[in-house]
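Reading through the structure tokens given below for one structure.
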Amino acid sequence: MQVAVIGARGQLGTDLISILGDDALALDIEEIDITIADDVASLMRKVRPGFVINAAAYNLVDRAEEEPEVAYRVNAIGPRNLAISCSEVGAKLLHVSTDFVFGLDSQRTTPYRETDPPGPLSAYGLSKLAGEYFVRSLCPQHFVVRTCGLYGVECSRGKGNFVETMLRLGAERDALDIVNDQRCTPSWTMNIARAIVALMETEQFGLYHATDSGDMTWYEFAAEIFRQSGMTVKLNPITSADFGAAAQRPAYSVLDCGKLTEATGVELPAWQSALAEYLQKRPGGAA
């Protein structure tokens, strides 16, 4: 079965392509603009894939506060166009979403399940939630997979991710201020790609959460990055208010992935183990 992977040159898309192999049809912005309905429909009718994975997104969280219409076009209208076209050609659709659909419950301390009501805090989160609703309402054979804080080897070639940013800043500075009041589970893209492929094989359509296991603050994540990398960097814990980002982040957005495990038998590894494997695989790593 041919699987069209949209966003194929991104972090997650690259790992999906590597797992799917010859079954994958790699598509990125040069081949398809998901915000243009006619372009999507034309390509889907021509290619007629059995499955479509949408790993494309506008993920500039802070900039989305200034240009929410751009985020909405990519994160909501784009998935809507794909959902309509996939339904027309009989393709199954898997859409990748985010933990940023949560956050409004400021007192939350237990992992979110798929049945918990969402409540975004940012324009980015709102646009991603709208995309979820379009997919769920317009394409009967769908998966929506929420994940968190992705970091992958492809990103280390110049696009940047939190791990690479920490390694770069740690080499340049003796001390760093890191936010310590946002708890979540940043995840290695290879693990998420494996979970997605396993989920695709089930045909148990619906909404799922997929992250590595456990949770941490960004401060705790940074500390583990430097510990595993053998780097000595002084870390100062700060609040989100101290950091002053344009977009508000969830204070707690840990996801319960039990439904994924029930459907696939896959239980993703602890975030510390995932980080260790990423550090080995990245260019210049131990592997």
Side-chain angles (χ1 to χ4, degrees), residues 12 54-80 82-83 93-139 142-150 162 179-187 192 195 205-221 238-260 268 271:
L12 179 57
N54 181 33
Y58 176 106
N59 55 16
L60 303 173
V61 177
D62 291 317
R63 188 182 297 178
E65 296 298 309
E66 301 175 2
E67 49 184 32
E69 70 286 350
V70 180
Y72 189 82
R73 281 202 304 272
V74 178
N75 294 340
I77 298 302
R80 177 184 181 275
L82 288 170
L93 173 61
L94 188 147
H95 173 64
V96 180
S97 191
T98 174
D99 62 314
F100 274 51
V101 300
F102 295 113
L104 192 60
D105 182 358
S106 62
Q107 304 304 310
R108 187 81 182 196
T109 58
T110 57
Y112 283 99
R113 304 179 75 174
E114 292 84 352
T115 51
D116 287 319
L121 296 171
S122 63
Y124 166 74
L126 285 165
S127 70
K128 291 295 288 184
L129 182 59
E132 288 188 10
Y133 286 147
F134 279 132
V135 170
R136 294 171 67 185
S137 63
L138 295 172
C139 184
H142 73 264
F143 297 96
V144 172
V145 178
R146 294 171 178 156
T147 189
C148 173
L150 296 181
F162 186 81
V179 170
N180 196 36
D181 62 355
Q182 298 171 19
R183 185 160 291 276
C184 56
T185 313
S187 302
I192 305 307
F205 302 113
L207 175 63
Y208 290 86
H209 292 168
T211 67
D212 289 325
S213 299
D215 59 82
M216 83 291 269
T217 66
W218 295 104
Y219 172 86
E220 292 166 349
F221 192 28
I238 63 171
T239 67
S240 300
D242 291 333
F243 188 74
Q248 187 175 356
R249 270 72 169 173
Y252 185 94
S253 59
V254 181
L255 303 180
D256 183 323
C257 302
K259 183 180 176 183
L260 173 74
L268 296 183
W271 66 267

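These numbers come from a predicted model, not from an experiment.
By the side-chain contact (heavy atoms from CB on, under 4.5 Å) test, D116 pairs with F102, R108, Y112, R113, sequence neighbours left out. For the side chain to side chain donor-acceptor pair (under 3.5 Å) test, residues two or more places apart in sequence or in another chain that qualify with E67 are Y58. Under the rule for a side chain to side chain donor-acceptor pair (under 3.5 Å), T98 has no partner lying at least two apart in sequence or in another chain. By the salt bridge (Lys or Arg N to Asp or Glu O under 4.0 Å) test, R183 is found to be paired with D215, E220, residues two or more places apart in sequence or in another chain being considered.
Using a 4.5 Å heavy-atom cutoff, the side chains of L150 and S187 are in contact. Looking only at side-chain heavy atoms (C-beta outward), H95 and K128 come within less than 4.5 Å of each other.
Contact record, P186 with F221: CB-CE2, 3.6 Å, taken as the closest heavy-atom pair. Nearest approach of L268 to T211, heavy atoms of both residues: CD1-O, 3.0 Å. Scanning both residues, V144 and S97, for their nearest heavy atoms gives CG1-CB, 4.1 Å. P79 and A76 make their closest contact through CD-O, 3.3 Å (heavy atoms, listed as atom of the first residue, atom of the second, distance). For the pair P250 and G103, the tightest heavy-atom approach, listed with the atom from each and the gap, is CB-CA, 3.7 Å. Considering all non-hydrogen atoms of both residues, A210 and V145 come closest at CB-CG1, 3.7 Å.
For residues 56-65, the pairs satisfying salt bridge (Lys or Arg N to Asp or Glu O under 4.0 Å) are D62-R249, with sequence neighbours left out.
One distance of note links OG1 of T147 with OH of Y208; it measures 15.5 Å at 0.5 Å rounding. Rounded to the nearest 0.5 Å, atoms CD (E114) and CG (L260) are 8.5 Å apart. Summarising the geometry, atom CZ belonging to F100 is positioned 14.0 Å from atom CG belonging to L129; distances are rounded to the nearest 0.5 Å.
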Name each donor-acceptor pair under 3.5 Å that joins a side chain in residues 251-259 to protein atoms two or more places apart or in another chain, with its distance.
unit_1 : atom_1 : unit_2 : atom_2 : d
Y252   : OH     : T109   : O      : 3.3
S253   : OG     : D99    : OD2    : 2.6
D256   : OD1    : G258   : N      : 2.8
K259   : NZ     : L207   : O      : 2.8

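Side-chain atoms of T217 and N180 form a donor-acceptor pair, as typed in the model, at a separation below 3.5 Å. Defined by atom type and a distance below 3.5 Å, a donor-acceptor pair is missing between the side-chain atoms of T185 and D212.
Ring planes of F134 and Y72: perpendicular class, angle over 60° (limits at 30 and 60°). Using bins of under 30°, 30° to 60° and over 60° for the plane-to-plane angle, the ring pair F162/W218 lands in the tilted bin.
Checked for salt-bridge contact, R146 and E132 meet the test: a charged N lies under 4.0 Å from a carboxylate O.
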